[in-house]
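Reading through the structure tokens given below for one structure.
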Amino acid sequence: MSQARIIDGKPLSERLQAEVAAEVAQLKAKHGLTPGLAVVLVGEDPASQIYVRSKGEKSKAAGMHSVTHILPADTTMETLIGLVEALNVDPTIHGILVQLPLPKGLDEKEVITAINPDKDVDGLHVINAGRLSQGLPSLVPCTPLGSMIMLRETLGDTLAGKRAVVVGRSVLVGRPIAQLLLQADCTVTIAHSRTVDLPAVCREADILVAAVGRPQMIKADWVKPGATVIDVGINRVPFSDPVKAAAGKTKVVGDVAYKAVSEVAGAITPVPGGVGLMTVACLLQNTLTAAKRIAGIG
Ligand code: NDP
């Protein structure tokens, strides 16, 4: 049985980070401009702490000005919005990212809406979502952006006309990926929890994107032979080994049954080591893009 080509996020994300770092160095030298990223974390969610640390480290490594604001879980909306508004007018900051999810009691939509759309490097503000849906220049959410880079790397300029199925319709992942696939002239279907006969819908896909949040839900017989599979899912599950499971150890798996699907697909992203790595690299790219647009460069 033939094995799918693995779309490895490591070299791709490292290349993108190096490209961003080179452009940051040029911006500093030519224009005296240092792109600045502010990451805001509210509360002590362990996964969020890891993501925020990684974002801070990688933006510094790319030569950016990087600040992290850590606020307690009982922070009020007034304080959080006050911080966002201060960052909106801070000339050293070009990208603002409020790490989601926020603790209960804080209104995510209201916080995102408070971010200056020009600094919204997570691409979640309605202005950016609207611009994306109209095919206008916008800040695009990082995970969808990273998924598209992986697809272009795999399929080159052959995306036009392909049948793409995106499973998941969230504002953060499913919808923006579908918009980007549409912009690339794919014929796009968005599936979700109310889709009838999901396996049959998935089997139509030349490009199958799984953004569901259900461990290994997409099975081998849901996948068209030779299809390109992008697995966005990040799910923490107990080890199948009973000793490790009893010790409370967990591992990360995607939304796709990786091993079995690898024997059917033409190409597939692994989890971990796939889309997740591209997400942070794309955040750096968005911060660079925002800095250049705000400064009117390029
Ligand atoms: P959401 O929970 O916001 O959305 C999940 C989507 O999946 C919904 O549209 C839901 O449908 C759909 N869905 C749920 N169950 C089913 C089902 N049984 N059949 C078909 N569709 C279903 O999740 P996110 O979009 O935020 O994230 C999706 C996954 O991507 C998660 O695993 C998350 O951890 C991961 N992720 C990974 C990132 C990365 O960097 N790699 C970044 C962000 C997320 P409905 O709308 O009908 O409820």
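Keep in mind that what you see is a predicted model, and the values were worked out from it rather than measured. Below, each value reflects all heavy atoms present in this structure, side chains not excepted, and no hydrogens, waters or symmetry copies. Start at 1 and go down the list; that is how both ligands and their atoms are numbered.
In terms of protein heavy-atom proximity, atom 15 (N) of ligand 1 is closest to Arg214 NE, 2.7 Å. With respect to atom 2 (O) of ligand 1, the closest heavy atom belonging to the protein is Val212 O, 4.4 Å. Here the heavy atom of the protein found nearest to atom 35 (C) of ligand 1 is Val232 O, 3.5 Å. Annotation: atom 34 (O) of ligand 1 to nearest protein heavy atom, Ile234 O, 3.3 Å. The protein heavy-atom contact nearest to atom 29 (C) of ligand 1 is Gly213 N, 3.6 Å.
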Carefully, step by step, assess Thr154 and Thr228 under the rule side chain to side chain donor-acceptor pair (under 3.5 Å). CA-CA 8 Å; Thr154 310; Thr228 301; over 6 Å; no
Between Asp231 and Ile268, is the side-chain contact (heavy atoms from CB on, under 4.5 Å) condition met? List the steps. CA-CA 7 Å; Asp231 189 354; Ile268 186 167; 5.5 Å; no
With side-chain contact (heavy atoms from CB on, under 4.5 Å) as the criterion, how do Ile93 and Ile96 come out once you've worked through the C-alpha distance, each side chain's angles and the decisive distance to 0.1 Å? CA-CA 7 Å; Ile93 295 298; Ile96 303 169; 4.0 Å; yes
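Heavy-atom contacts of Ala211 reach the following atoms of ligand 1: 5 (C), 6 (C), 7 (O), 28 (C) (cutoff under 4.0 Å). Using a 4.0 Å cut-off to heavy atoms of Leu198, the atoms of ligand 1 that qualify are 19 (N), 20 (C). Close approach of ligand 1 to Val173 (heavy-atom distance below 4.0 Å) involves ligand atoms 25 (O), 43 (C), 44 (C). Each of the atoms 32 (O) of ligand 1 lies under 4.0 Å from some heavy atom of Asn235. The distance from ligand 1 to the heavy atoms of Gly276 drops below 4.0 Å at these ligand atoms: 40 (O), 41 (N). Below 4.0 Å from some heavy atom of Gly168 lie the following atoms of ligand 1, by number and element: 6 (C), 7 (O), 9 (O).
Not a single N or O atom of Gly174, backbone or side chain, sits closer than 3.5 Å to an N or O atom of ligand 1. In terms of N/O distances under 3.5 Å, ligand 1 is approached by Ser170.
Of the listed options Thr143, Leu100, Leu172, Thr143 places a heavy atom closest to atom 42 (C) of ligand 1. Of the candidates Ser193, Ala210, Gly254, Pro141, Ser193 brings a heavy atom nearest to atom 11 (O) of ligand 1. Counting heavy atoms only, Arg169 comes closest to atom 8 (C) of ligand 1 of the residues Arg169, His192, Met278.
Between Met217 and ligand 1 there is a heavy-atom distance shorter than 4.0 Å.
For Gly273 against Asp8, the heavy-atom pair with the smallest separation is O-OD1, 3.7 Å.
Between Glu14 and Lys10, at least one side-chain N (NZ, or NE/NH1/NH2) sits under 4.0 Å from a carboxylate O, which counts as a salt bridge. Salt-bridge formation is detected for the pair Lys224/Asp206: a Lys NZ or Arg NE/NH1/NH2 atom is positioned less than 4.0 Å from an Asp or Glu carboxylate oxygen. Using a 4.0 Å cut-off between charged nitrogen and carboxylate oxygen, Lys30 and Glu23 do not count as a salt-bridge pair.
At a threshold of 4.5 Å between side-chain heavy atoms, the hydrophobic network of Ile, Leu, Val, Met, Phe, Trp and Tyr places Val275 and Leu172 in one connected group. Hydrophobic cluster membership differs between Leu181 and Val229, with clusters built from Ile, Leu, Val, Met, Phe, Trp and Tyr side chains linked at under 4.5 angstrom.
His192 places no side-chain N or O within 3.5 Å of a backbone atom of Arg169 that could act as its donor or acceptor partner.
A side-chain donor-acceptor contact under 3.5 Å links Thr250 and Arg236.
Contacts between Thr279 and ligand 1, counted as non-hydrogen atom pairs separated by less than 4.0 Å, involve the side chain only. Neither the backbone nor the side chain of Thr195 comes within contact range of ligand 1; no heavy atom lies under 4.0 Å.
With contacts defined as side-chain heavy-atom distances shorter than 4.5 Å, the pair Gln216/Val256 does not qualify.
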